[in-house]
Undergrad: 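First the structure, then my questions, so here it is.
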Protein chains: 2
Amino acid sequence: MTDRSSLREQRRSEFVTTAMRVFDRKGAANTSLRDVIRAMNHGKGVGMSVFYYYFKSKDDLIDACVRTYLASYVDNVVDILQNPDLSVQEALDDICPHLVRAIWKMDVIFADKANWYNYLSTNSNVMEGFVRQIIDPLSKALDRWLDRDDLPQTQLIQTAGTRTVAWLMADGLSSIVSNGRGAAGNPQIREVVRQRVRESVSFFSQLLGLPLKPPAIALS
Amino acid sequence: MTDRSSLREQRRSEFVTTAMRVFDRKGAANTSLRDVIRAMNHGKGVGMSVFYYYFKSKDDLIDACVRTYLASYVDNVVDILQNPDLSVQEALDDICPHLVRAIWKMDVIFADKANWYNYLSTNSNVMEGFVRQIIDPLSKALDRWLDRDDLPQTQLIQTAGTRTVAWLMADGLSSIVSNGRGAAGNPQIREVVRQRVRESVSFFSQLLGLPLKPPAIALS
């Protein structure tokens, strides 16, 4: 990367960090570009032309937020799945805080389903790319847990194999997560997020045939 | 509908029926428009200009095939789900032949994943529309089976509710179905389709906590 392109990445990343902080308060849909550029530069703000030098539009900024956020989420989850010392429950306990943050952040960015589908219709490959990065380590982790009798050999695993089960886990999870309405600005947001985590853990328990406990979730 | 638009629909429908028959032999990707128009009119063929009077392109024809095919699939499945006399296993036995046909036809149209994602990226709303039409009758059927003790009250159903479970069934099914490679022209197609039905039934059994038998599947 040249100095120039690395400076560009750094500036874009400042916009992303600032935007995510501003979105947290009232959701991306209710946040104007003006709100974001005013919050830049430690609250001293930058000019609108600076924004347009680095981004094509508000949608471009939102896309950068999604990609940045999901990339770090995937990295964290993959690290946990690759740790050979963890049991299923321990891996779940470690993954859950990242999952909660991911649900929360996606909700903040896509306050309602229309925004989400709108994004998906033009960026389905982005989401799919992230899901694919998780499938491989997840199926390897399932194989490892089966070998160690940490996971029961269900009829489903015998019929479909661990890779298909990994896909079912990932698809079911995104179905549960995206099913809820937007939580940004919702006074019940903590309860909404907790409920989706409980549903996800219940789904994994049922699918794997292994009782799993929903981890305690601290939501600041 | 005016006579003119109904004539138009009838002509389009003749193209769709013919195309699906031709696709069956070697898959949509390996079928040229010329193959389709030659097979029209009981094998006497029509001119290319006739085709372009009714369709914009081969993609437009493929889209019409998908919509026609899925609409009839959804109608059949919804009818079965709404029949109050059927048990879970009976409903599954009745749905499976339609499911097999759907898997087969989608494979014939989208011989490989690239074609499928390409279609989805511009038509995600079409697929989603069809899935949505099934969710409502499916969750009502689950409620009915629970009331009759035909289905166990699992932890998952208690935590997530029947509507979320219906979504999980639909999403998991499309994940299993779309996971395989194209079957058109594959000498193993019967085995591929049978395997996916076995995986789907295994998935439903595990998710619902109810042992279900894969129905006998006649594949002509």
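The basis for the numbers below is simple: all heavy atoms, side chains too, and nothing from hydrogens, waters or symmetry mates. Order of the sequence lines fixes the chain letters, A, B, ..., with proteins taken first and strands second; residue numbering starts at 1 for each chain.
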Undergrad: In Å and rounded to the nearest 0.5 Å, what is the OG1 to CZ distance from A/Thr159 to B/Arg196?
TA: 15.5 Å
Undergrad: If I measure from the heavy atoms of chain B, does A/Ile157 come under 4.5 Å with its side chain, its backbone, both, or neither?
TA: neither
Undergrad: Quick one: pull up CD1 in A/Ile176 and CG in B/Asp171 and give me the separation to the nearest 0.5 Å.
TA: 10.0 Å
Undergrad: Step through the shown structure and confirm whether more than 12 heavy atoms of other residues, nucleotides or ligands are within 6.0 Å of NZ on A/Lys140.
TA: no
Undergrad: Could you state the interatomic distance from CD (B/Gln155) to CZ (A/Arg198), rounded to the nearest 0.5 Å?
TA: 10.5 Å
Undergrad: Measure distances from A/Gln195 to the heavy atoms of chain B and classify the residue's part below 4.5 Å as side chain, backbone, both or neither.
TA: side chain
Undergrad: Heavy-atom count check: over 12 atoms from other residues, nucleotides or ligands less than 6.0 Å from B/Tyr53 OH?
TA: no
Undergrad: Indicate yes or no for a side-chain donor-acceptor contact from B/Gln206 to the backbone of A/Gln206 under 3.5 Å, with no hydrogens or angles considered.
TA: yes
Undergrad: Taking the side chain as every heavy atom from C-beta outward, state whether B/Phe203 and A/Leu207 have any pair of such atoms under 4.5 Å apart.
TA: yes
Undergrad: When rounded to the nearest 0.5 angstrom, what distance separates CG in A/Leu156 from OG in B/Ser202?
TA: 5.0 Å
